[in-house]
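Here the structure is a predicted model, which is why all the values come from computation and not from measurement. In what follows, chains are A, B, ... by sequence order, proteins preceding strands, each numbered from 1.
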Amino acid sequence: MPLTDQDVREILRIIDTAGTREIRVETSGFSLHVVIGEVESSSALSPGAAPAGAAPGGLPSPSEPPPTNDDVEPIESPMLGTFYRAESPGEPPFVEVGTKVEADTIVCIIEVMKMMNSVPAGVAGTIVEVCSENGQLVEYGAPLFRVEPA
Amino acid sequence: MKRVFVANRGEIAVRIVRACRELQLECVVGVSDADRNGLAARLADRSVCIGPAPASASYLRDDLVVQAALGTGCDAIHPGYGFLAESARLATRAAEHGVIFIGPPAEVIEMTGDKLQAREQATLAGLPVLPGRAVESVHDAQALALQIGYPVLLKAAGGGGGRGIKLVHDAAQLPQLFTLARAEAVAAFGDDRVYVERFIANARHIEVQIAADGHGSTVHLGERDCSVQRRYQKLIEEAPAPGLRGEVCESIRIAAVTLARAIGYRNLGTVEFVVDADTDEFFFLEVNCRIQVEHPVTETLTGRDLVALQMRIADGEPLGFAQGDVSFSGHSIECRLCAEDPAHDFRPSPGTLTAFAAPALGGLRVDTHCEPGTVISPYYDSLMAKLIAHGEDREQAMAVLIEALEELEVEGVECNRMLLIDVLRHPDFQAGAVPTDWLARALA
């Protein structure tokens, strides 16, 4: 029997409210095994609650962030767009891991329909991680870099 | 068409996701920051956050929508209703980037969006249009209103969907209302043109669902009566239009198809009319270039999936059926459940739903994005759910809808449930058609 929207919603509700870490749902012709909390994901770009096997390609899931460090701050994308690490192809990136930045240091460009938007760090410190890939779509609020504040 | 970008939110985003699944298309929902955890985002194959909560920074940004569609590998965009649904800019921008816009051609959207141009086209196509025209000044408006006879309506050329309308009872009111209408038209639509139209006191709102493919076929899918309104916003819609004489109904349907053909309409749309209940005369009002909120009324009456049909037509497929294949069975009524407080002049009532459950009844369909825990955001409109009852006849449909509303569980926000029940139970509504000003009078 195919899954209805109602079924999917019910399963999602069970998963959300169960309070357990592992859930197994089995009906004829369908089985679902969910383990909560094993894989940390910081962005809705990851498949998340998408139906198994149905997630389209074209958007890479961001790599697993490093263990949470309270001292490290993310630089979040101020808008949805294409993430560019350099002024133009062939130019060196604005920043690399280890680069010291001031709040007004430009760290990347986000392109929306040919409009290039410079993104300042917003915080002074040292870049400790580059979280998004050059040339890829980033969402509003997606972490672009992590900075250890000065 | 392989992957559809859903550029909308709420119940219609869920509805589009469902249609994608029906057609085995992948779908990506573009959400604002406020809707990241919404039902549409969770049901879709993927969601992508296009901007912060205010619509002006997310759902109304055609550049972000196209960028997000391209970046997620979508080859089509469904705009739903509201927001960018009738944006010629989005249609054009999508086409420029090789993405299919699921809706009519940009030039048709542009033309029908200008209500004065639409009036002109309807006149050229031979449709009856309300006496009236654009007015340049108070003096001009006064002269015209005298000629037409008070009361008259002042409408914004850039308006539509019930927005930008003022009722002028007499000559004394005109100067002030003209200035106000013009100022509001600039503020809301960026277009200060206003026009005067004859006002019909005992009016019914009748609209015709049309569908046109890119292969020369244009059909109608019957009419809907949307006369239960408050401040020009629809509350209850039904089909067939109760008590509308057969020949009047047929003439209206033919007029809608005639206009659609004349303006090169493609995809699904609605042609709206006002019917003078005293004389049975009907007049063209406007064309809506989108799927309408009340489309389930037609879906349940005809047994056709209109959102899937939109996608198939946009993908170049023929309609696949002729006018003679369209049949209507029984009676359908839809009501709009909104998070607003009838006790306080219907002000929006945002909040978090602590309970939300609709009963499972035969003949009942519920289109919603709500569930326990859903946040009714202050940023967007207050529609929580549409309850659609289909029965063998009007009495049965009304009974199902009343039962559904009585058993509906909604906690956490104020809503108009009791008002909907009161309307459905009211002897005037039970007896058949009501005019468009009926609800306002009943509430007074």
I'd like to know whether [atom1] of [X] has more than 12 heavy-atom contacts from other residues, nucleotides or ligands below 6.0 angstrom.
X: B:Asp315; atom1: CG; value: yes
X: B:Glu110; atom1: CD; value: no
X: A:Glu91; atom1: CD; value: yes
X: B:Tyr379; atom1: OH; value: no
X: B:Glu407; atom1: CD; value: yes

For the atom pair CD (B:Glu96) and CE (A:Met113), what is the distance rounded to the nearest 0.5 Å?
9.5 Å

Roughly how far, to the nearest 0.5 Å, is the CD atom of B:Gln67 from the CG atom of A:Leu137?
6.5 Å

Find the one option among B:Ser32, B:Cys74, B:Pro52 whose heavy-atom pairs under 4.5 Å with chain A are most numerous.
B:Pro52

Of all the heavy-atom pairs spanning A:Tyr140 and B:Ile50, show the shortest one and how long it is.
CB-C, 4.0 Å

Side chains of A:Glu139 and B:Arg36, heavy atoms from C-beta outward: is any pair under 4.5 Å?
yes

